[in-house]
There are 2 protein chains.
Amino acid sequence: MSDTITDLSISALADLSGVSIDTLRYYERANLFVRPVRRDEAGRRRYGERDVIWVQFVTRLRATGMGITTIAEYTRLARLGEATNPERLALLEEHREHVVEKLRETQASLDAISYKIAEYERKVADL
Amino acid sequence: MSDTITDLSISALADLSGVSIDTLRYYERANLFVRPVRRDEAGRRRYGERDVIWVQFVTRLRATGMGITTIAEYTRLARLGEATNPERLALLEEHREHVVEKLRETQASLDAISYKIAEYERKVADL
DNA sequence: GCTTGACCTGGAGTGCACTCCAGGGTCTAT
DNA sequence: ATAGACCCTGGAGTGCACTCCAGGTCAAGC
């Protein structure tokens, strides 16, 4: 049994999360961390398992197009504790709607592209 | 029976396609039109049905994340005639792969977000 | 004890896709 | 013949999300 992840360096977190070192520092400046990032005696960042999970979730939000300021707002609510659960829920639900809609649009565009591809396939096959 | 669309002004095309006037001019500068845009005696742009269809397809490519320079490359091939059909086909097929992959990723992120939403729903319902 | 490598900070720079602006022309209706 | 709507050009500006840089600190290995 391995111990819980603790005291990761910024490069270790970068490797683990796929988010670059510079971007991790940028996220911190943009207030995307719920609690201040821990530091060691020398002032270097130390991340724990919760940070890893959090960064992975932020990556999901980013991958679906949520902007940095909206994530910062969500994080702000999280800092305020359980009382903001309904607001956080509402924020995520609204975002989900956006994502579902964008997924639909992308699928429609994909269909149009596939149709075009089929045309080219016919032409290239010399029909 | 209505005639085929012809001689649309830039604002008419903007309304029809959902692409702004400025963006249409920008696309032209970026060489995203296969043939030079027609002008009237006063030098104003006049678009026909083929332009409408083309702009709509460009919008599909943009909506799925194809960059301006790649669309310009595709357009360049189109200008060279039927001989480039295989290359155009390959370009679109490669793009389709990207889109399908991105769709998969977005769906995975959506699932993660939905999972989080379900958590909040439980918490908010006071369980 | 000195090099090497990872890390720090504040701030500047980048790439992308628009979007806006100044200054000017033209067409139509009053 | 004058106002107002629409269009033109070249070029500057914007917003976003990073990404890079200079100059410096610190710990570990040789």
Grab the [atom1]-[atom2] distance between [X] and [N] for me, whole Å please.
X	N	atom1	atom2	answer
A:R39	C:dC7	CZ	P	12 Å
B:L8	D:dC6	CG	P	15 Å
A:E28	C:dG10	CD	P	11 Å
A:L24	C:dA6	CG	P	16 Å
A:L13	C:dA6	CG	C1'	15 Å
B:I10	D:dC8	CD1	C1'	10 Å
A:I21	C:dC8	CD1	P	8 Å

(request) Can you run down the side-chain hydrogen bond (donor to acceptor under 3.5 Å, both in side chains) pairs that involve residues 61-70 of chain B, sequence neighbours left out, and say none if there aren't any? (result)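 Qualifying pairs: B:T64-B:H95.
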Not counting sequence neighbours, which residues clear side chain to side chain donor-acceptor pair (under 3.5 Å) with [X]? List them please.
X	result
B:E73	B:R76
B:E82	B:N85
A:S11	A:S9

(message) At less than 4.0 Å, is any side-chain N or O atom of B:S9 found next to OP1 or OP2 of D:dC6? Yes or no.
(response) no
Output the rest of the hydrophobic cluster of [X]: all Ile, Leu, Val, Met, Phe, Trp and Tyr residues reachable through side-chain heavy-atom contacts under 4.5 Å, sorted by chain and number.
X	value
B:L80	none
B:Y115	none
A:V100	A:V99, A:L103, A:L110, B:V99, B:V100, B:L103, B:L110

(request) Sugar-phosphate atoms are those with a prime plus P, OP1 and OP2; base atoms are the rest. Using that split, label each nucleotide of nucleotides 17-30 of chain C B, S or - for protein heavy atoms under 4.0 Å, 5' to 3'. (result) BBBB-----SS---
(message) Do A:T106 and B:T106 have side chains that approach each other closer than 4.5 Å (heavy atoms only, starting at C-beta)?
(response) no
(request) Check whether any side-chain heavy atom of B:K102 lies under 4.5 Å from a side-chain heavy atom of B:Q107, and answer yes or no. (result)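 When only atoms from C-beta onward are counted, B:Q107 and B:K102 do not touch, as no gap falls below 4.5 Å.
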(request) Under 4.0 Å from any atom of DNA chain D, heavy atoms only: list the residues of residues 91-112 of chain A that qualify, in numerical order. (result)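 None, since no heavy atom is under 4.0 Å.
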Can you check nucleotides 28-30 of chain D for protein contacts, nitrogen or oxygen pairs under 3.5 Å, and list what you find?
none

(request) Mind checking salt bridge (Lys or Arg N to Asp or Glu O under 4.0 Å) for B:R96 and listing every partner two or more places apart, or none if nothing turns up? (result)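 Salt bridge (Lys or Arg N to Asp or Glu O under 4.0 Å) check on B:R96 returns nothing, list empty.
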(message) Among residues at least two apart in sequence or on other chains, which ones pass salt bridge (Lys or Arg N to Asp or Glu O under 4.0 Å) with A:R104?
(response)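 Counting only residues at least two positions away or on another chain, A:R104 forms a salt bridge (Lys or Arg N to Asp or Glu O under 4.0 Å) with A:E101.
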